[in-house]
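For reference, the structure discussed in these notes is given below.
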Protein chains: 2
Amino acid sequence: MLNQSGDVDRLLHALADPTRRRIVEQLGRGPATVSELAAPLPMSLPAVLQHLQVLTASRIVATDKVGRVRTCRLEPDRLGVVADWIAARRQTWERRLNRLGEILAQDDSPATGTRESET
Amino acid sequence: MLNQSGDVDRLLHALADPTRRRIVEQLGRGPATVSELAAPLPMSLPAVLQHLQVLTASRIVATDKVGRVRTCRLEPDRLGVVADWIAARRQTWERRLNRLGEILAQDDSPATGTRESET
DNA sequence: TCGATAGTTAAGTAGATGCTTAACCAATCG
DNA sequence: CGATTGGTTAAGCATCTACTTAACTATCGA
């Protein structure tokens, strides 16, 4: 596993788990304590804690402990980092399709093959 | 691991690996054969094949075998599925912030506590 | 101060993941 | 035909992951 772009990597890894996505979705509706988050989930508290560690490591979630209760909230725009990565990929993809479309429209006789990725 | 929303799940899982993201990025610049994809990657061909299996299972990548050469291309808008999931989360998040902002602007005396997630 | 509540830490485990090497098959090419 | 090229399959292995239970700490409330 080669690890460039650690930020996107940690983010996507964090979101790749259904349980963690559920936590993110719940926090999207407002802050919650650890046990509030754990309540609807079909697993032990320590398991939830471990998911929270992954989420805070990727900085999607921030937590704040007051007495003995830790409150979790969504970090402002960490989802934007992933959104940006995706947007960038889609853009180069669409640009490529446009170029390809122009080339095909320009001329009806594709003399030098169909492999536009060369040149 | 509870598995709802299998589509987003498979997609995010596929994208959570750096090697697979590299493959997606390369295919964004145009179709490529299996060995063209494998060439820049520091691993064996079978390993690349396994990554391709994950990518095709999530349907980000489609492949087409002609003689003995298999050509891979990006599937039109599977990244959009992930983008949509993220967009939805961001939207509820921002709506919540707006509601919260209105409430705070409306009145300066927060008599009934700071826990806006109730009610 | 005692007990319940909220969370934390540690250690162990079954199964998934990301690789490897060693065959193997099928389409070209000389 | 026989060798090469491009890909595929199978098996094995080290590591990571998502849990578990048990034990422990710290705060709060009576």
Side-chain angles (χ1 to χ4, degrees), chain A residues 1-6 9-24 26-27 31-58 60-73 113 115 117-118, chain B residues 1-6 9-24 26-27 31-58 60-73 113 115 117-118:
Chain A
M1 230 215 225
L2 30 119
N3 200 343
Q4 8 79 298
S5 70
D9 201 50
R10 262 189 295 275
L11 253 342
L12 280 170
H13 172 238
L15 293 175
D17 181 276
T19 303
R20 288 195 288 267
R21 282 200 304 281
R22 269 185 75 174
I23 292 176
V24 167
Q26 170 156 1
L27 289 178
T33 70
V34 170
S35 20
E36 278 169 357
L37 287 175
L41 298 173
M43 65 189 67
S44 67
L45 233 193
V48 175
L49 255 288
Q50 282 165 31
H51 283 300
L52 274 174
Q53 274 171 28
V54 175
L55 288 168
T56 54
S58 73
I60 298 180
V61 168
T63 75
D64 201 4
K65 194 167 182 177
V66 152
R68 59 184 165 175
V69 25
R70 179 178 299 279
T71 308
C72 309
R73 57 187 149 64
R115 293 292 315 289
S117 62
E118 289 163 0
Chain B
M1 230 219 226
L2 31 119
N3 199 344
Q4 8 78 298
S5 70
D9 201 50
R10 263 188 295 273
L11 254 342
L12 280 170
H13 172 239
L15 293 175
D17 180 276
T19 303
R20 288 195 287 266
R21 283 201 303 280
R22 269 185 74 176
I23 292 176
V24 167
Q26 170 157 3
L27 288 179
T33 70
V34 171
S35 19
E36 278 169 358
L37 287 175
L41 298 173
M43 66 189 67
S44 68
L45 234 194
V48 175
L49 256 286
Q50 281 165 32
H51 283 300
L52 274 174
Q53 273 172 31
V54 174
L55 288 168
T56 54
S58 73
I60 297 179
V61 169
T63 75
D64 201 3
K65 194 167 184 177
V66 151
R68 59 186 166 177
V69 25
R70 178 177 300 278
T71 307
C72 310
R73 57 187 150 62
R115 294 292 314 288
S117 63
E118 289 161 1

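Just so it is clear, the model here is predicted, and its values are computed rather than measured.
With A:L37 as the partner, the side-chain contact (heavy atoms from CB on, under 4.5 Å) test is satisfied by one option alone out of A:R22, A:Q26, A:H51: A:Q26.
The distance between atom CZ of A:R10 and atom P of D:dT17, rounded to the nearest whole Å, is 12 Å. Taking atom CD on B:E36 and atom P on D:dG7, their separation rounds to 8 Å, with Å as the unit. As a whole-Å value, the separation of B:M43 CE from D:dT15 P is 17 Å. Nucleotide C:dT8 holds its C1' atom 9 Å from the CG atom of A:L45, rounded to whole Å. Between B:Q53 atom CD and D:dT8 atom C1' there is a gap of 9 Å when expressed in whole angstrom units. To the nearest angstrom, P of D:dA18 lies 11 Å from CD1 of A:I23. What separates CZ of B:R22 from C1' of C:dC19 is a distance of 16 Å, to the nearest Å. Here C:dT8 presents its P atom at 12 Å from CG of A:L37, a figure rounded to the nearest Å.
For D:dT20, the base has a donor-acceptor partner in the side chain of A:Q50 [N/O atoms by modelled type, under 3.5 angstrom].
At the phosphate of C:dA16, neither OP1 nor OP2 sits under 4.0 Å from any side-chain N or O atom of B:H13. The side chain of A:S44 places an N or O atom within less than 4.0 Å of a non-bridging phosphate oxygen (OP1 or OP2) of D:dT20. At D:dG7, none of the side-chain N or O atoms of B:T63 fall inside 4.0 Å of OP1 or OP2 (strictly under the cut-off).
The nearest heavy atom of DNA chain D to B:S35 and to A:H51 marks one nucleotide each, and the one closer to the 5' end goes with B:S35. Closest-nucleotide positions on DNA chain D for A:V54 and B:V34 were compared, and the one nearer the 5' end corresponds to B:V34.
Counting only distance, with no hydrogens or angles, the side chain of A:R21 and the backbone of A:L15 share a donor-acceptor pair below 3.5 Å. With B:R20 contributing its side chain and B:H13 its backbone, the two residues share a donor-acceptor pair below 3.5 Å.
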Review point. What is the per-nucleotide protein-contact pattern of nucleotides 24-30 of chain D, from the 5' end, where B denotes a base atom under 4.0 Å from a protein heavy atom, S denotes such proximity for sugar-phosphate atoms only, and - denotes neither?
Key: ---BS--
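When all heavy atoms of B:T71 and B:P31 are compared, the pair lying nearest together is CG2-CB, 4.0 Å. Closest approach of B:L11 and B:S58 over heavy atoms only: CD1-O, 3.5 Å. Among all heavy-atom pairs drawn from B:A32 and B:L27, the shortest one is N-CD2, 3.8 Å.
By the side-chain contact (heavy atoms from CB on, under 4.5 Å) test, B:R70 is found to be paired with B:V34, B:T63, B:K65, residues two or more places apart in sequence or in another chain being considered.
Here the nucleotide nearest the side chain of A:R20, chosen from C:dC19, C:dT8, D:dA18, is D:dA18.
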